[in-house]
Each structure stands twice: as C-alpha cells, then as structure tokens.
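All values reported here derive from a predicted model rather than from experimental measurement. All values below come from the heavy atoms of this structure, side chains included, with hydrogens, waters and symmetry mates left out. The sequence lines fix the lettering, A, B, ..., with proteins before strands; numbering per chain opens at 1.
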There are 2 protein chains.
Amino acid sequence: MDVDTRLLRYFAAVAEEGSLTGAAERLFVSQPALTKQIRRLEEDLGVRLFARSRSGMALTEAGREFASRVPALLDGWDEAVQATGRAARVLRLGFLDAGAVGAVPEVIAEFRQARPEWRVELRQFDWSDPSAGLARGEADAAVVRLPFPGQERLTVRQLFVEERGVLLPARHPLANRETVEFRELWDEPFVAAGAETGAWREHWLATEERDGHPVRVGAVTGRPDEWLGAVASGCVALAPVSAARFHSHPDVVFRPVRGVSPSRVGLARPRGRTHEAALDELLEAITQRLRRT
Amino acid sequence: MDVDTRLLRYFAAVAEEGSLTGAAERLFVSQPALTKQIRRLEEDLGVRLFARSRSGMALTEAGREFASRVPALLDGWDEAVQATGRAARVLRLGFLDAGAVGAVPEVIAEFRQARPEWRVELRQFDWSDPSAGLARGEADAAVVRLPFPGQERLTVRQLFVEERGVLLPARHPLANRETVEFRELWDEPFVAAGAETGAWREHWLATEERDGHPVRVGAVTGRPDEWLGAVASGCVALAPVSAARFHSHPDVVFRPVRGVSPSRVGLARPRGRTHEAALDELLEAITQRLRRT
DNA sequence: TGCTTCTATAACCTGGTGGCATGGATGTGG
DNA sequence: CCACATCCATGCCACCAGGTTATAGAAGCA
C-alpha cells in the first residue's frame, strides 16, 4: 500500500486537533478535502481510525496505535532528506525576491573558490512559503523577509532594513506623486499573499499601520509575475525599494510611502546544525557582506 | 517536502537495477514515467541522485546515502500498517472470486461467535494483484488461486482443486457442445489479466497446454464485470466451474474443457505471523471446512 | 554505416485531489 | 419548542500530477 507523507501529516493534524474542521483550518485546506483524505486512509488501511461524533473526531484504539507511529515516520523521512543533502555537498540557499539577495551571488562565487568541493544553489521560492524552503526542508538556509510564521522555530539573524514603498498602476491618480502617504492607500485594493502565510501577509498589507481600518484585498497571489500583473490591472501592493529595480513592468510604477514600517531582511537556518562547518562559513560570509546598521 | 512511498519504491528499483529501462520493466510502468518521477525526486531534494550515462544510471554519493535509508523508511511504514491492523482487531481476508471462497462466510460467522472481540472482513481484490491484497499489505490472509507470482514469499496451503472450463459467447459455434477440447480453443481470442501478473496470467491462458501454439489475446481486464463483458462481445476465457454459478450473463455460457489442468485454490498468509492466535484460529477453521483431497 | 540500447522529450488522457455549496445530524439558548 | 450553531458528509466541478505512446538523441558495437 502506498501513502503520501502529506496524508500522514493530515492524519496527525486531525488526531491532535480532534476535529476535521479544526485541522482543516490549521492545514489550510478545506474541510471536505480532509474528510475525503481521512476516509481514504481508513479505507486503504481497512481500519477505522476515528470515531465520528457531533463533537468531533476521537481516535479509536487502532487510531492511537497508528498515531503513535506516524511522528517517527515523518521524522525518519526528514532525517533522510537532510542526510542526503549533506552527502551531496550541496548548500541550498532559498530566497523569495532578488532584492533581498543583493550581493549574495558574489559571496557564493568567492565561497566556491575557498571550498570547491561544495556546490551552492540559489533557489527561489514563491510566497506560499515565506520561509523560502526552510519549513519544508527544501533549503538549508534562506534569505528571508521578517517577520514570517514559523520564524520562532529557526535561527534568524537580521541583515539589514529597507524602506517600503508602493507599486501602483501607471494610470493611478497617485502615480504622479513624488511620495505617497500610506493613509491615502487605505481604501485601495491590495494584492495579498495566501492566508496560510499569516503574519507575513499581514505585514505586507500593513494591517498594523491602518489604525483598524479594514483591508480591501483585490487579488491573492504567490508569484512575482502574477503579483506584478495584478498591479498592472488595477491593484496596489507594498514592496521594498529594491523591487523597483528588479521588477519592472510598463504599466507599473514605484513610489516611496510614508507611514509604513521598513522591511527587515534576515538570514535564517534550522536550529539543529545540518551541514556543520561549510554552511557556517557561507552564512558568516554572507552576513559580513550584507550586514548594514 | 512531501513524498509518496511509491516514489521511494521507484527510486529503490532504479538504484538496484542500475537502469531506468530495467526498473521500469520490473515495476510495470513505462520508462518515461520513471524518468519523470526520478527527475522530480531529484529536483525536490535539490540533489543529483544518479549519474546518467549511456549504460544506465549509477548512484552518486548522495544517492547512496539516500538509498541506504530508503529501505528503513519503507519497512517502518509497513510495520505501522501492520501494527494498526493488529490494534484494530480486524482480520482482513482477501479473495478474488466468490467461487473460491465457498463456505468461508459460514466459517466467519462461527468465528464471530467464538471470538466476538475480532471483526473479520472479506475484501475482494481485482486481478491486478493475484495475491488478493497480501502483496501490498492490504489483507492479513487470502483465498487465492495458484500459482501466482510472489507466492514464494508467502506461506501457502492448498485447499482444494477445481476443474476448469471455458466461458463462451452464447452464439459461439462451440457453445452448443456438451464438452470442448482445449485444442479447439487455441486460436480463439482470450481475455487475459495484466502483464504484471506473470505466471498467473500464463496459467489462465493455459500457455503450458498449448504445445507452443501462440496465444491470441483479445482483451486485457482486471475486473469480473469487464471480464464477462469481454466474453459477451466475442472473446473466450478459461474459468473454474464455480464461475458458472457466480457469474451469469445472458450472452455467456460455460462449458467444461478437456485438456487443461484444474485450478488449485489455496490459503495464503505472510511468513511472519502478524495477528498471532486469532488469525491462526480462523485460518485453521477455514482449512478444516474447505479442504478436499 | 547501420543496429542496439540507453535516457530524454512531446503530446495527450485519465483519475485523484481540492474547492465551493449544501445537506443532515445533534446539541444549545432564547 | 423553535431557531441557531457546529460538526461531518456529499455532489459537482476544475485542475494537475502521473501515466501512456511515439519519437528523438547520444553512444557503443559489429
């Protein structure tokens, strides 16, 4: 019988949460999707794992047995992934936007001289995962934008801060201004990241700086091109100043904004060391080069 | 990062076989499918697992690391499945055709009296898996038709033998006969099981009894209804005499055949004991009831 | 040079998986 | 006692991952 680790995570979530609705919320999937998956798991196993009731899902005896083994399976998998990465002598460096990365490629080039046996790979991730691959073990370290959810389970060092501005459609009334007050943007439709990104989403909608004024979400996207496209077609979006250099679009302009906090760029890595010395060395070099303030 | 155990099995097969083509054959999937899956695995891990060459696929260092851990992961999963089944106090009894099962339901009814804390479940499997769920760990024991591939990894006890006949379209010239000689069927289009069933497929095409005369395969199917449908629409198929009772179709007739070996029905279970006493007891009871000769 | 044997790519099809809307069951509070 | 809230289940639809076949490309070998 074949199973996906995703199914195991689903099961674990339902088991802990004690309800489909609750677990669905935590996993950012719909409740019917979970219903179906759990049911399929039970059918495949030929075993009832949960006792359904109005008040939720309770583990059966078999369910408890299963639940007691699932964490070890998931951990075993994670461990295998990490060990393989170590053996490959590949350092996977995740990032979200070229702006934050800055001079990192140069640092990598130098590192390649010093440690020719290691390969360094820059991997871009979309905004469905603001940890840039760390959360899923798809990166060994990452250049991130703070704050983001899951941050507390990682070691994060701040590198520098960067003012934020706004991307506007070229024909927008405010597009002619030299500078924009954030308050003037309160009622504009914003481009937002997916709900699963929590605090990250909030930060880029600047909900903190709105004095409780509600947000209008005009589009939800996870990728730079869609993001820019959404702005071109009428939405607005906060962005770091570097975005102006790295994302250009004929129908989109960038303007500084007053009244929003700056974006903080950081370097993150898992708490347990994974690649020992080589990774330390690379991250130290990046920090030296990028750190400002 | 999420992975399917199927992917791990694919990887293990390629690693052992040293080639995509060879592994694809063993896994009964196409070579391009494997190419894609392995490539995807490498991309997700961000690591090259194989060195490609004209002569095949060789593990890289990282690949060897990964390969050394995969078996443990797969075993861990199997073990979790079995433990869960045990905890559920469910005995899953696989079967392929009602004819072989015979009086088993009565035995189960009695067993239920003696061991009320256990639930017994009869699960029908299609012919893509002649081990009736044992191969994939989806059954704890099975009523099977011998021989079938993978049999040597199981404990099999023969229960009885049953003559084989042929299912013919009602308007077939031979349909009026009392009895048919197998030789007369040599050139008929047969309904066959999938290629992955190996010896099982051969047995039901009776390649042994053809003196090297080639088989015409008129249809490939894995399920009883399709099977019967194929016969109704012009193919023929060997079948145990019990099939005449359990599968009726207005346009299909059953006739005894001379010149083919009988079908042997057996009771199979995994070698390592899984459910200790309860399963032993049930299987013993079934054997007592069904064993003839 | 032509044949074989590998892997990679392209085009297409199907079934699984997820989303939305809704139904049904069961407590709960006015 | 009825309206409501809160669960889980179901039906329908859209999409993509994964499979298949056909074919290309590279490299040994006779």
Side-chain angles (χ1 to χ4, degrees), chain A residues 1-11 13-44 48-60 63 126 128 136 194-196 217 219-223 226, chain B residues 1-11 13-45 48-60 63 126 128 136 194-196 219-223 226:
Chain A
M1 183 193 146
D2 283 321
V3 179
D4 199 319
T5 51
R6 182 173 31 87
L7 245 186
L8 300 185
R9 290 191 296 107
Y10 281 8
F11 167 80
V14 175
E16 280 177 37
E17 206 71 25
S19 96
L20 285 173
T21 344
E25 202 163 318
R26 201 169 91 184
L27 295 166
F28 296 101
V29 295
S30 70
Q31 168 262 312
L34 257 193
T35 296
K36 265 187 285 191
Q37 292 303 323
I38 297 297
R39 167 182 274 279
R40 198 170 67 86
L41 180 60
E42 290 183 325
E43 273 172 15
D44 286 353
R48 238 187 154 50
L49 298 171
F50 293 99
R52 272 82 166 164
S53 75
R54 44 235 135 272
S55 58
M57 313 270 286
L59 285 171
T60 62
D126 68 40
S128 59
R136 303 185 159 178
E196 73 273 21
V217 172
V220 173
T221 177
R223 290 179 321 179
E226 283 177 23
Chain B
M1 182 195 150
D2 283 321
V3 180
D4 198 322
T5 54
R6 183 171 29 85
L7 244 186
L8 300 185
R9 290 190 296 106
Y10 283 7
F11 167 80
V14 175
E16 281 178 36
E17 207 69 27
S19 96
L20 286 173
T21 337
E25 202 162 319
R26 201 169 94 184
L27 295 165
F28 296 102
V29 296
S30 69
Q31 168 261 313
L34 259 192
T35 296
K36 258 193 289 190
Q37 293 302 323
I38 296 297
R39 166 182 275 279
R40 199 171 67 86
L41 180 61
E42 290 182 325
E43 272 172 17
D44 286 352
L45 288 170
R48 236 185 157 52
L49 298 171
F50 293 99
R52 273 83 163 162
S53 73
R54 42 237 137 273
S55 58
M57 312 269 286
L59 285 171
T60 62
D126 69 39
S128 59
R136 303 183 159 180
E196 72 273 20
V220 174
T221 177
R223 290 180 320 178
E226 283 177 20

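For the pair B:Thr60 (side chain) and B:Leu49 (backbone), a donor-acceptor distance under 3.5 Å is present.
Rounded to an integer number of Å, the gap from CD1 of A:Ile38 to P of D:dT10 is 15 Å. As a whole-Å value, the separation of A:Arg39 CZ from C:dG18 P is 15 Å. We find that CG of A:Leu41 is positioned 15 Å from C1' of C:dT17, with the value rounded to whole Å. The distance from atom CG of A:Leu7 to atom P of C:dT17 is 7 Å, rounded to the nearest whole Å.
Evaluation of the side-chain hydrogen bond (donor to acceptor under 3.5 Å, both in side chains) rule for B:Gln37 yields no partner, not counting sequence neighbours. Take B:Glu16 and apply the side-chain hydrogen bond (donor to acceptor under 3.5 Å, both in side chains) test, not counting sequence neighbours, and it matches B:Arg26. Not counting sequence neighbours, the partners of B:Thr35 by the side-chain hydrogen bond (donor to acceptor under 3.5 Å, both in side chains) test are B:Gln31. Every residue two or more places apart in sequence or in another chain was checked for a salt bridge (Lys or Arg N to Asp or Glu O under 4.0 Å) with A:Asp126, and none qualifies. The salt bridge (Lys or Arg N to Asp or Glu O under 4.0 Å) check on B:Glu196 picks up nothing, with sequence neighbours excluded. Applying the salt bridge (Lys or Arg N to Asp or Glu O under 4.0 Å) rule to B:Asp4 yields the partners B:Arg6; only residues at least two apart in sequence or on another chain are considered. Here B:Arg136 pairs with nothing under the salt bridge (Lys or Arg N to Asp or Glu O under 4.0 Å) rule; sequence neighbours left out. Scanning for side-chain hydrogen bond (donor to acceptor under 3.5 Å, both in side chains) contacts around B:Arg52 gives B:Glu42, with sequence neighbours left out. With sequence neighbours left out, A:Tyr10 forms a ring-ring contact (aromatic ring centres under 6.0 Å, His included) with no residue at all.
Within the 4.0 Å cut-off from OP1 or OP2 of C:dC6, not a single side-chain nitrogen or oxygen of B:Arg52 is found.
In this structure, the helix from C:dT1-D:dA30 to C:dG30-D:dC1 shows an angle of 10° between the axis at its start and the axis at its end, each fitted on 5 base pairs and rounded to 10°.
Within residues 13-27 of chain B, no residue approaches DNA chain D, by heavy-atom distance under 4.0 Å.
Nearest heavy-atom pair, B:Phe11 versus B:Leu41, reported as atom, atom and distance to 0.1 Å: CB-CD2, 3.9 Å.
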Expected string for nucleotides 18-30 of chain D under the B/S/- scheme (protein heavy atoms, under 4.0 Å, primed atoms plus P, OP1, OP2 as sugar-phosphate) is SBBBB----SS--
